[in-house]
Structure formats: C-alpha cells, structure tokens
Amino acid sequence: MLLEASGTTAQQAGSVTGFIFVIVIWILVFYFMLIRPQKKQKKAIEDLHNAMEPGDNIMTTGGFYGTLLDIVDDTTVIVEFGNNKNCRIPMHKNAIAEVEKAGSAEIKDDVADDRKAKEEDTKDAKKPGKEKK
C-alpha cells in the first residue's frame, strides 16, 4: 500500500511541474510577441522625437504635411502648414508620425534615366535576331 501511495504522489508532482512549465512558456510567448515589440516601437518613436530639429519636414498622425518651426518644450512644437506663412500651429510631439530631415530629400534625375533607357533600347535593336515591331 505504501508503494502505491508514493507513486501517485510522484505523478501529481510531475503534473504540477509540467503545468508550471507550460505557464512559463506561455508567459515567454506573450512577452516576445506583445510586450517586447511595443517597447521597441515606443523607443523608436522616442528617438524620432528627440532627433527633430527646426526645419525638418514632418507628417502628423492625421496625414498633414508641414515644416517644424520651433520646439517649445519637451511636449510642444510649432508647425507651419502649407505655403501660407500665417498657418502656424502649436501641437503635441506625439501627434508627429514621420520626420524627414531638412535637405535629405532625394532628387531623381529623370533626364539621365530617360537617356539610359534609350541607350538600352538602341543596344537591343542592334543585336541580331531581335527585331522591333
């Protein structure tokens, strides 16, 4: 009788250990799937807001594009919208979704791209076996 009782106690202890192990695994899954990405996103937005300088082009969470004129304090900035110099609005930093640094806009040279395309067309036309239709 004593052997049978100790066997069931060992099975119960094993099932409790297995249950605790499953709970720990679920906690780790939730951490890596939910909490950690939120922390990364919050840090990225915080870095974005800390890197803002007057003159940067911004986009608000509402989809409006403007130019950052001044950083008043840790939470407030002044943004100019449109070509009208009288449209200056103070807003919260958290309302800024994207920042493009001043002078970082990439200008595409359409003329050079057109020339390159024409050169490729003439090369293809000169190859034997290739006929233009």
Side-chain angles (χ1 to χ4, degrees):
M1 275 244 174
L2 185 60
L3 293 174
E4 291 175 10
S6 67
T8 57
T9 307
Q11 287 177 350
Q12 288 176 350
S15 67
V16 170
T17 305
F19 180 71
I20 291 173
F21 180 72
V22 168
I23 294 296
V24 168
I25 294 295
W26 275 105
I27 290 171
L28 289 173
V29 166
F30 277 116
Y31 175 76
F32 284 108
M33 296 292 283
L34 299 174
I35 297 170
R36 192 167 174 235
Q38 282 181 342
K39 284 184 179 180
K40 280 185 174 182
Q41 184 180 22
K42 186 176 180 181
K43 174 132 176 65
I45 290 172
E46 193 175 297
D47 291 343
L48 177 85
H49 289 166
N50 290 335
M52 288 190 309
E53 297 174 346
D56 291 347
N57 294 320
I58 59 117
M59 184 184 80
T60 66
T61 54
F64 293 104
Y65 290 93
T67 303
L68 186 66
L69 292 180
D70 189 24
I71 300 173
V72 178
D73 56 25
D74 291 340
T75 59
T76 309
V77 295
I78 296 177
V79 180
E80 179 180 82
F81 293 100
N83 294 333
N84 186 356
K85 301 296 182 196
N86 294 326
C87 188
R88 297 176 179 182
I89 300 173
M91 63 181 0
H92 200 278
K93 274 187 178 182
N94 290 340
I96 296 174
E98 293 180 13
V99 175
E100 181 181 300
K101 289 296 192 184
S104 67
E106 199 175 294
I107 299 172
K108 187 176 178 182
D109 188 8
D110 291 334
V111 176
D113 291 340
D114 290 342
R115 286 183 193 153
K116 191 179 220 182
K118 286 180 183 177
E119 287 174 8
E120 289 176 2
D121 287 343
T122 57
K123 286 179 186 177
D124 288 343
K126 291 180 182 178
K127 288 183 182 176
K130 294 251 181 176
E131 296 178 16
K132 274 196 158 181
K133 293 183 179 179

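Keep in mind that this is a model prediction, so the values were computed, not measured. Excluded from the calculations below are hydrogen atoms, water molecules and symmetry mates; all remaining heavy atoms, backbone and side chain alike, are included.
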Visitor: Are K93 and T75 side-chain neighbours, meaning at least one heavy-atom pair lies under 4.5 Å?
Guide: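 No. Closest side-chain heavy atoms not under 4.5 Å.
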
Visitor: Please enumerate all residues that pass side chain to side chain contact (heavy atoms under 4.5 Å, CB included) together with I45, with sequence neighbours excluded.
Guide: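 I45 satisfies side chain to side chain contact (heavy atoms under 4.5 Å, CB included) with Q41, H49 once adjacent residues are dropped.
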
Visitor: Roughly how far, to the nearest 0.5 Å, is OG1 of T17 from CD1 of I20?
Guide: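 The distance works out to 6.0 Å.
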
Visitor: Who pairs with T61 by side-chain hydrogen bond (donor to acceptor under 3.5 Å, both in side chains), at least two apart in sequence or on another chain?
Guide: none

Visitor: Taking atom CG of N94 and atom CD of E46, what is their separation to the nearest 0.5 Å?
Guide: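 With rounding to 0.5 Å, CG (N94) is 10.0 Å from CD (E46).
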
Visitor: Any salt bridge (Lys or Arg N to Asp or Glu O under 4.0 Å) involving residues 56-75? Give me the pairs, sequence neighbours left out, ordered by first then second residue.
Guide: D56-K101

Visitor: Determine whether L48 and I71 fall in the same hydrophobic cluster, where Ile, Leu, Val, Met, Phe, Trp and Tyr are linked whenever their side-chain heavy atoms lie under 4.5 Å apart.
Guide: yes

Visitor: Could you tell me the separation between the OG1 atom of T60 and the NE2 atom of H92, rounded to the nearest 0.5 Å?
Guide: 14.5 Å

Visitor: To the nearest 0.5 Å, tell me how far F81 CZ sits from I58 CD1.
Guide: 5.0 Å

Visitor: With rounding to the nearest 0.5 angstrom, report the CZ to CD1 distance, R88 to I78.
Guide: 8.5 Å

Visitor: What's the separation between atom CD1 in I96 and atom CE in M52, rounded to the nearest 0.5 Å?
Guide: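 That separation rounds to 4.0 Å.
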
Visitor: Would Y31 end up clustered with I27 when hydrophobic side chains under 4.5 Å apart are linked, directly or stepwise?
Guide: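 Unlinked, Y31 and I27 end up in two clusters.
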
Visitor: Check for me, please, whether L68 and Y65 land in the same ILVMFWY cluster - side-chain distances under 4.5 Å, paths through other members count.
Guide: no

Visitor: Are M91 and V72 linked, directly or through other ILVMFWY residues, by side chains that come within less than 4.5 angstrom of each other?
Guide: no

